[in-house]
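I have placed the structure first, in the form of C-alpha cells, so that the comments after it can refer back to it.
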Amino acid sequence: MSCLVIRIKKNDTVNGKRTHLVILDVLKKAKISGATVWVGVAGYGKRGKSNFQIEGISVNMPLIIEVVEELAKIESILPDVKKVIGDNGLVTIHEVGSV
C-alpha cells in the first residue's frame with residue numbers, strides 16, 4: 001500500500017470551488033477507497049506563511065489530504081491531482097505498511 005499526501009492551503013480555489021473539495025471529487029470519481037483532510041494550525045512554504053490570526057481565529061491554514069491506496073490507483077489519478085493544484089501545492093507518495 002502507498003500513501004498519497006497532498007499539501008495545500010484552506011483558501012485555495014479552482015474555478016471558484018475550494019481546492020480540497022475539487023480534489024475529493026477527483027478521488028471519489030476514481031473510486032479511491034477513502035481520503036482524510038487534515039487542518040494544520042500553522043506552516044510556511046514557497047508561498048509564505050499558512051496562517052493568519054485574528055483574535056484567536058486562524059485563516060488560510062495549511063491542509064493535508066491523505067489517501068492510503070494501492071500504488072497503481074494512486075498513480076492513475078496523479079495527473080488529475082497535479083492539474084488541480086498546479087504550483088499551489090505539494091504532492092508526495094510513500095510506501096506504508098499495516099500493523
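Here the structure is a predicted model, which means the values were calculated and not measured.
Each of Leu90 and Val81 belongs to its own hydrophobic cluster when Ile, Leu, Val, Met, Phe, Trp and Tyr are linked at side-chain heavy-atom distances under 4.5 angstrom. Under the 4.5 Å side-chain contact rule for hydrophobic residues, Ile23 and Ile93 share a cluster. Linking Ile, Leu, Val, Met, Phe, Trp and Tyr whenever their side-chain heavy atoms come within less than 4.5 Å puts Leu78 and Leu71 in one cluster. In the hydrophobic cluster analysis, where Ile, Leu, Val, Met, Phe, Trp and Tyr join through side-chain heavy atoms closer than 4.5 angstrom, Val39 is grouped together with Leu24.
Between the OG atom in Ser2 and the CD atom in Glu95 there is a gap of 6.0 Å [rounded to 0.5 Å]. For the atom pair CD1 (Ile85) and NZ (Lys83), the distance works out to 13.5 Å, reported to the nearest 0.5 Å. Expressed to the nearest 0.5 Å, how far CD1 of Ile32 lies from OG of Ser76 amounts to 6.0 Å.
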Start with the C-alpha distance between His94 and Val5, add both sets of side-chain angles, then the distance that settles side chain to side chain contact (heavy atoms under 4.5 Å, CB included), and finish with yes or no. CA-CA 8 Å; His94 60 273; Val5 180; 3.8 Å; yes
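Looking at Ile65 and Ile8, their side chains come closer than 4.5 Å, going by heavy atoms from C-beta outward. The side-chain heavy atoms of Ile64 and Ile6, taken from C-beta on, include no pair separated by under 4.5 Å. Taking the side chain as every heavy atom from C-beta outward, Arg7 and Thr92 approach each other to under 4.5 Å.
Listed by first and then second residue, the side chain to side chain donor-acceptor pair (under 3.5 Å) pairs involving residues 20-30 are Lys17-Asp25 (not counting sequence neighbours).
Looking at Asp12, its side chain does come within 3.5 Å of a backbone N or O of Lys9 through a donor-acceptor pair.
Glu66 and Thr36 form no side-chain donor-acceptor contact under 3.5 Å, judged by distance and modelled atom types alone.
Of all non-hydrogen atoms in Val14 and Val84, the two that sit nearest each other are CG2-O, 3.5 Å.
Take Val68 and apply the side chain to side chain contact (heavy atoms under 4.5 Å, CB included) test, not counting sequence neighbours, and it matches Met1, Cys3, Val96.
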